[in-house]
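Notes for the one structure printed next.
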Amino acid sequence: MVQDGYTQDLGLDVEAKGATPEAKAKGLFDLGDFKNAQIAYTVLLAKEPESAFLNWRLGLCHLYQNIRKSASIPYLRKVVKMDKFDDEVLYDMGLAFMYNEQIDSALLFFNKYRLKISKPERIIDVTRQLEFCENAKKFMKTPVNVRFENLGNDVNSEGPDMHAFVPLDESFLVFSTKRDKGVAGQNLDYDGYKPADIFWCQVKNGEFRKAKGVGMTINTEFVEEFVGMSAYGDHIFYMIDNLEGFDDVWLSEFTGRRWEKGKTLGESINTDEPELSATCTPDGQTLFIARLPVEQPGFGGIDIFMAKLLPGGFWSIPVNLGPTINTQYDEMYPVISADGKTLYFASQGHKSMGGYDVYKSEWNEQFSRWERPVNLGYPINTTMDNFTYCPTDNPRHAYTAQVRSEGFGDLDIYRVIFNDEEEQMTALALELEVMTGPEKETLVFHEWKNTVDGNIKWFTNEYQPKDKPEYEFVETKNIELKNGEAYEITIIGSFDGAEVAKYTQQNFPKSGSFQWLDTRVKKVVVPSKKFEPKVSSVKGQTKLEITATVTDQAGEMVGTYLPNYNTGKLVAVLMPGQIYEMTIEASGFQPIKEKFNILSLGDYQKIINKKLTLIENGLEVPSK
């Protein structure tokens with residue numbers, strides 16, 4: 001909420017106006033700037049370390065901030081050990097232990113507080129806290145099997161980063177932030193942080209890139225807080241507290257490349273009372289809005305309403321969703337599934353384990369009503385406030401904002417990983433082919449050894465020295481001729497006593513008495529023959545014995561895969577989010593090494609089809 005003058009006028013300048021350090025600390029505390037009040041009270045406590053009031057106030061400064069609420073416990077514990085202290089410290093001690101998930105200790109102090117008070121409003125309050133604690137004990141006994149993945153410093157900051165939403169395909173992320181750098185406003189909001197702005201980041205190569213503001217078409221120097229998105233991300237809703245409105249919800253449309261200038265939802269939706277969050281169905285025809293009741297009585301506090309888009313482009317008067325969804329407490333941050341059959345929302349009512357918890361309700365087609373909401377359970381919900389929950393198309397992923405020990409400071413945005421859901425895998429489907437050259441020309445040579453001098457000599461089928469006792473047969477060799485090479489073979493001798501002559505394989509006589517003198521074999525270069533390589537599928541070629549080996553980016557073996565010779569395809573099912581290397585080998589062919597970047601989130605593909613060709617050994621593919 002925007003305050004005239006902001007807290008900086010009550011902070012560093014307050015002494016110049018004659019305020020005492022005590023007044024300065026109180027002013028910051030009363031305004032809600034607990035971050036700077038903590039600094040002020042720390043200075044005062046150093047001068048009066050045994051002051052019950054100052055220890056209490058400093059404990060509350062820690063308790064009312066998101067960062068390390070547990071730091072309040074030593075200060076409050078010191079107070080309750082003193083002879084005299086305000087009974088409210090017992091209540092605050094209960095809160096501190098509850099937020100720290102020390103439920104039995106919280107129950108102890110809440111019950112002590114309950115015995116000391118008589119005001120009806122305080123009895124109602126502590127009774128509610130006792131209910132939270134009992135609910136928390138039940139939920140914490142049966143936790144949901146999830147883990148939390150911090151989105152890292154490209155997304156999160158030391159300040160509050162919250163209200164995170166993604167479209168179903170997780171292709172981009174939009175959220176609110178009160179970070180110190182990058183927001184449009186340079187003054188301070190009432191809580192000592194910068195005014196909230198809307199940031200976003202897109203997915204590239206399966207990862208969220210550096211977050212940045214959505215631009216001055218939406219963000220101003222005042223407060224713009226992201227509060228909802230349609231399932232496919234083309235409609236976003238944000239709450240403004242600036243020169244154009246106070247606690248009103250506006251709509252912007254995302255074209256895929258830019259954010260359109262925001263516009264008000266109109267007088268039927270935005271009233272003099274606060275409107276705090278909204279979403280709509282993918283077709284943009286049905287709006288869910290969290291607001292204080294105006295036209296009709298509500299069920300207590302902020303309720304969730306539904307409105308329809310009328311032919312003229314205006315929204316109908318909102319209709320309360322009724323007592324199944326709304327309670328005597330506050331309900332906020334509705335999220336409607338793509339099919340319109342599941343409603344997620346935050347509520348202080350129902351069976352909360354502390355402040356706001358997130359619930360879901362299913363639409364009953366038969367009876368045209370929302371079913372009783374179900375708490376999403378611990379640790380998706382905690383003993384602190386939990387406002388938003390964004391499901392995705394991947395049943396294993398959702399997004400939320402929490403304060404966790406591994407965070408960067410205040411609220412951070414996390415991906416919730418449901419461990420019991422199967423990983424969303426990618427099938428790498430490779431269509432395999434082989435490329436072969438022309439039929440290979442083969443020459444047959446018979447190797448003989450001269451036992452007298454030890455020389456080895458090659459002979460052809462036309463003549464072998466079987467009649468020469470000094471020669472001994474060694475082996476027969478099949479020599480494959482490469483393109484552009486040949487062997488010139490000359491056989492020297494005489495037939496039937498005629499003159500000595502030179503013969504080739506082609507003109508060597510087929511009969512007669514031959515007197516051999518020498519056989520000469522010479523490799524020669526000949527013009528290369530032009531050819532079109534033959535490319536064929538491996539379908540049916542079972543003799544090829546193709547094997548594919550896959551390793552991950554750490555070099556660890558993932559698996560060995562064989563093709564299906566009935567289809568000619570090789571399929572490897574791989575986990576997204578990694579770069580894999582595949583090596584394909586087959587006897588007589590050059591190995592293939594190929595890298596595959598299997599992307600996740602918005603770049604996820606269920607099936608990747610690709611054609612690969614094994615090239616025969618020694619084959620030089622002619623250039624095109």
Side-chain angles (χ1 to χ4, degrees), residues 29 32-35 37-38 41 55-80 85-114 122 125-141 143-144 148 150 158-162 191-193 329-330 332 346-358 375-389 400-414:
F29 186 92
D33 184 356
F34 303 113
K35 184 171 72 168
Q38 175 190 327
Y41 278 119
N55 276 282
W56 182 22
R57 275 297 171 93
L58 189 52
L60 290 180
C61 287
H62 286 286
L63 188 63
Y64 294 163
Q65 295 180 78
N66 285 321
I67 303 173
R68 292 188 65 241
K69 288 179 181 287
S70 60
S72 64
I73 294 175
Y75 298 102
L76 299 176
R77 181 182 279 128
K78 185 173 185 177
V79 176
V80 297
F85 57 88
D86 194 300
D87 292 340
E88 290 297 319
V89 182
L90 295 172
Y91 178 87
D92 296 329
M93 195 71 179
L95 281 180
F97 280 119
M98 185 178 78
Y99 291 152
N100 205 41
E101 297 184 355
Q102 295 174 259
I103 305 303
D104 288 336
S105 295
L107 286 168
L108 175 67
F109 281 95
F110 282 139
N111 280 312
K112 284 183 177 181
Y113 177 73
R114 174 66 183 85
R122 299 308 296 143
D125 194 340
V126 74
T127 300
R128 185 66 174 149
Q129 300 300 332
L130 289 167
E131 290 175 5
F132 287 158
C133 288
E134 293 298 338
N135 291 336
K137 289 182 73 172
K138 293 176 183 177
F139 285 120
M140 291 171 72
K141 282 182 180 178
V144 182
F148 292 84
N150 191 298
E158 292 182 359
D161 301 294
M162 54 206 170
D191 56 4
Y193 288 99
Y329 305 101
D330 289 344
M332 295 176 66
S347 174
Q348 291 175 314
H350 303 291
K351 290 189 178 295
S352 171
M353 59 181 290
Y356 285 92
D357 276 4
V358 180
N375 190 300
L376 294 189
Y378 176 83
I380 296 172
N381 289 315
T382 68
T383 52
M384 293 191 282
D385 285 329
N386 304 99
F387 290 115
T388 61
Y389 175 87
T400 191
Q402 284 194 8
V403 177
R404 300 183 62 82
S405 59
E406 68 270 26
F408 291 90
D410 206 284
L411 284 162
D412 276 356
I413 297 168
Y414 289 85

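Listed by chain and residue number, Asp104 satisfy the salt bridge (Lys or Arg N to Asp or Glu O under 4.0 Å) test with Lys137 (two or more places apart in sequence, or in another chain). Remark: Lys35 pairs with no residue by the salt bridge (Lys or Arg N to Asp or Glu O under 4.0 Å) rule, at least two apart or across chains. Legend: residues meeting ring-ring contact (aromatic ring centres under 6.0 Å, His included) with Phe97, ordered by chain and number and at least two apart, are Phe109. By the ring-ring contact (aromatic ring centres under 6.0 Å, His included) test, Phe139 is found to be paired with no residue, residues two or more places apart in sequence or in another chain being considered.
Of the inter-residue distances, the one linking Glu101 atom CD with Ser70 atom OG reads 11.0 Å to the nearest 0.5 angstrom. Going from atom CG of Asp357 over to atom NZ of Lys351 covers 12.0 Å, rounded to the nearest 0.5 Å. For the atom pair Ser352 OG and Glu131 CD, the distance stands at 10.0 Å (nearest 0.5 Å). Note that CE of Met98 and CG of Leu63 are 9.0 Å apart. Values are rounded to the nearest 0.5 Å. Here the OH-CG distance, from Tyr389 to Leu376, works out to 6.0 Å after rounding to the nearest 0.5 Å.
Under a 3.5 Å cut-off, the side chain of Asp330 and the backbone N or O of Gln348 do not form any donor-acceptor pair. Side-chain N or O atoms of Gln402 include none that pairs as donor or acceptor with a backbone N or O of Phe148 at under 3.5 Å. With hydrogens and angles ignored, the 3.5 Å screen pairs a side-chain donor or acceptor of Thr400 with a backbone N or O of Thr388.
Using a 4.5 Å cut-off on side-chain heavy atoms (C-beta onward), Ile103 and Thr383 make contact. Under the 4.5 Å side-chain criterion, counting only non-hydrogen atoms from C-beta, Leu411 is not in contact with Asp161. When side chains are defined from C-beta on, Cys61 counts as touching Phe29, because their heavy atoms get closer than 4.5 Å.
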Report task. Given side chain to side chain contact (heavy atoms under 4.5 Å, CB included), test Asp191 with Asp33 step by step and report yes or no. Result -> CA-CA 4 Å; Asp191 56 4; Asp33 184 356; 5.6 Å; no
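Under the side-chain hydrogen bond (donor to acceptor under 3.5 Å, both in side chains) criterion, the residue pairs touching residues 87-100 are Trp56-Asp92, Glu88-Tyr113, Glu88-Arg122, Tyr91-Asp125, Tyr91-Gln129, Asn100-Gln102, with sequence neighbours excluded. For the side-chain hydrogen bond (donor to acceptor under 3.5 Å, both in side chains) condition, the pairs that include at least one residue of residues 58-69, sequence neighbours left out, are Gln38-Gln65, Asn66-Asp410.
With hydrogens and angles left out, the side-chain atoms of Tyr414 and Asn150 include a donor and acceptor closer than 3.5 Å.
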